[in-house]
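Shown next, in structure tokens, is the structure this report addresses.
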Amino acid sequence: MPVLGMLWITWSLAVEDEQADLDAVASRVLMRAQRSTAQARTAFTELAANDAPPCSPRHIGLMRRVVFNTPAIEEVGYSEGGQLKCTSWGVAEPGIRFARPDFHFTDGLGVTLAVKPALPGGTTKLAYSDGSYDVLLEPIRLVDVIADPQVQLALTARDGRLMSQLNDPDRELVADLAAHPRSAMEGRYSFAAIRSTNWTAIAIEPRPALFGTLRRQQWILIPIGLFIAGLIVAAVAWVSRQRLSFGAELAAAIRKREFCVHYQPTIDLQTGACVGAEALLRWQRSDGTWIRPDLFIPAAEHSGMIGPLTELAIACIAADIGPRLASDRSLHIAINIPPELLASDAIFDWLDILTSGAGVNPSQIWLEATERSFVDDGTAHDAIARARSAGYRIAMDDFGTGYSSLGHLQKLAFDTLKIDKSFVDTIGVASMKSAVISHIIDLAKELEIAIVAEGVEREAQADYLRERRVQFAQGWLFARALPPAEFLKYLADHSDAGSGPQ
């Protein structure tokens, strides 16, 4: 197995290395073409700024100087009415017409792909044109970069027309890559194609060149693999772990049930009793390290794994505190529901784990959703109505930080409003938000909605909330989010009314 693994690794590394090399060569071709075109544009700017009479000795001398000072340019021509009047060689013979550009770059620079020379036996050139001037370039200069001898190069325009090539690349493959740029190994070739605003640069290498490199590596690596087989297996495992994407690791963690739930106590501000908790999902890797929720929750939402993660959280709640909730109907558990699950059938099937399985009353379950869950008022209204008809309570989480909060409160029927910590922090502090919390409390009372203040950390904040008759609070003043066993102990110690916050 170590030898087979080494063969596979050798092949993978050889393919990756070749693709990286081809990508680098294609990038160099693109840079070379851009640099040559930039030199042509600079030449046009210099030529357009001159005030010499057309085709005068001074004018021709200027064109010669441009050719001499610009490596990419072979010749400069000046034309009027489509007739070539003079070049950097001198005054042109009458009747020579300069070909119209085959196409234009996005900045208006004209491009003629195959300009035939007036001199017998001369090779075709590439021409750029701007205004009355044309400059001739040797096409091979656009792809003249350092590369292995067997690498085939091509440079095409955005529409696929071939501008330059080296080592006679496969024309059908070039046309396909010009239309659909990509880097891959297909059929007889490995290739890389990179597109910019005006060009597509292509590097192609026949696969036999890869096999030669592969065989040389295998003759070296296979004996080493036999000698240090155990070390290779360990290294492969380590590399695989390092290269495993976060999404794949998250999926594996869900399968291995590496997640648990911690419970943030909810306190009755008037009595100091613990009346419930908010369920907060936590991820502890198998190596003991903890992953922050602000990292794995967005990743789960983005990758479509938030459903299985929510189902796992509900199962943990049922196992951790389901019997305690069933034995005391005054307690509640708040569960965060992602926006995409609020209106789904699956969420009610999962909640059956608590209601039917653990015997928890639906009224003890608060379904918390952030304001972004209610962007579509029609869908949100139906989802809330369905949940409430099933007996669940609905809470708007992080009120004031999302979309049109006041409008949502007026249109949608909520049971509980959770005031975001950013507003609680302004209590007793001079801030633009300091007056907002008072209005939020008044609004909730007017709409007969229960209030939970989040992030209470100072006694002065708790006193202010009590004076305003806010019912519930959460925060480090009372307790941090606790593992199941610690939460059940905390609940037992703070279940008597009048015990006061601690």
Side-chain angles (χ1 to χ4, degrees), residues 259 261-268 274-282 293-294 296-298 300-301 306-307 309-318 320-321 325 331-344 346-348 350-351 353-355 360-376 379-403 405 408-409 412-424 440 444 447 449-456 470-475 481-482 487:
F259 293 88
V261 173
H262 287 188
Y263 299 88
Q264 178 72 58
T266 301
I267 304 301
D268 185 320
C274 178
V275 295
E278 177 182 358
L280 301 173
L281 200 60
R282 296 291 185 261
D294 62 334
F296 71 79
I297 294 296
E301 292 177 340
I306 195 64
L309 204 56
T310 302
E311 181 183 12
L312 179 57
I314 293 173
C316 288
I317 295 169
D320 293 341
I321 62 171
L325 292 171
L331 299 175
H332 75 267
I333 183 67
I335 305 172
N336 292 285
I337 303 300
E340 58 269 32
L341 297 181
L342 185 62
S344 71
I347 188 63
F348 295 98
W350 299 336
L351 289 171
I353 301 173
L354 277 172
T355 55
V360 179
N361 194 300
S363 64
Q364 295 177 264
I365 301 173
W366 294 10
L367 304 181
E368 293 189 2
T370 56
E371 292 181 61
R372 64 192 179 97
S373 306
F374 309 115
V375 175
D376 185 343
T379 302
H381 183 276
D382 294 342
I384 290 175
R386 181 182 179 187
R388 297 188 78 196
S389 67
Y392 301 104
R393 294 173 63 88
I394 304 297
M396 180 188 283
D397 197 10
D398 299 333
F399 179 79
T401 62
Y403 306 85
S405 307
H408 288 138
L409 283 183
L412 305 174
F414 295 98
D415 300 291
T416 305
L417 175 68
K418 301 194 74 174
I419 302 176
D420 187 70
K421 181 181 185 298
S422 63
F423 294 103
V424 173
I440 293 175
L447 297 175
I449 300 174
I451 305 172
V452 179
E454 298 181 299
V456 178
V470 171
Q471 296 97 322
F472 308 113
Q474 295 175 332
L482 301 170
F487 171 69

Distance-minimising heavy-atom pair for [X] and [Y]:
X	Y	result
S344	R386	O-NH1, 4.0 Å
G307	L341	CA-CD1, 3.9 Å
V456	A473	CG2-CB, 3.9 Å
A387	L367	CB-CD1, 4.2 Å
L309	A300	CD2-CB, 3.8 Å

Any side-chain heavy-atom pair of [X] and [Y] under 4.5 Å:
X	Y	result
E368	M396	no
F423	I440	yes
P265	L482	yes
I321	I333	yes
W366	I394	no
T310	P338	yes
R393	R388	no
V275	I267	no

> Do the ring planes of F348 and Y392 sit parallel (below 30°), tilted (30 to 60°) or perpendicular (above 60°)?
Replying inline: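 Plane angle between 30° and 60°, so tilted.
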Straight-line distance of [X] [atom1] to [Y] [atom2], nearest 0.5 Å:
X	Y	atom1	atom2	value
I384	S389	CD1	OG	12.0 Å
Q264	L280	CD	CG	6.5 Å
Y263	C316	OH	SG	7.0 Å
T416	Q471	OG1	CD	8.5 Å
L312	L281	CG	CG	6.5 Å
I451	F472	CD1	CZ	10.5 Å

> Between T266 and H332, is a side-chain contact (heavy atoms from CB on, under 4.5 Å) present by the stated rule, with each step listed?
Replying inline: CA-CA 9 Å; T266 301; H332 75 267; 3.9 Å; yes
> So, does E301 use its side chain to make a donor-acceptor pair with the main chain of I306 at under 3.5 Å?
Replying inline: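 No; zero donor-acceptor contacts below 3.5 Å.
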>> Quick one: does any side-chain atom of Q474 pair with a main-chain N or O of V452 as donor and acceptor, under 3.5 Å?
In response: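 Checked: no pair found.
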>> If you apply the rule side-chain contact (heavy atoms from CB on, under 4.5 Å), what do you find for N336 with E278, and how did you get there?
In response: CA-CA 8 Å; N336 292 285; E278 177 182 358; 3.1 Å; yes
> What's the verdict on side-chain contact (heavy atoms from CB on, under 4.5 Å) for L354 and I365, showing C-alpha distance, side-chain angles and the deciding distance?
Replying inline: CA-CA 9 Å; L354 277 172; I365 301 173; 3.9 Å; yes
> So D320 and F487, side-chain contact (heavy atoms from CB on, under 4.5 Å) or not? Walk me through it.
Replying inline: CA-CA 10 Å; D320 293 341; F487 171 69; over 6 Å; no
>> Before you tell me yes or no, could you show the steps for K421 and E454 under salt bridge (charged side-chain N to carboxylate O under 4.0 Å, His left out), namely the whole-Å CA-CA distance, both residues' side-chain angles and the distance that decides it to 0.1 Å?
In response: CA-CA 5 Å; K421 181 181 185 298; E454 298 181 299; over 6 Å; no
>> Tell me which one of I314, V360, I317 satisfies side chain to side chain contact (heavy atoms under 4.5 Å, CB included) with L351.
In response: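 Only one of I314, V360, I317 forms a side chain to side chain contact (heavy atoms under 4.5 Å, CB included) with L351, namely I314.
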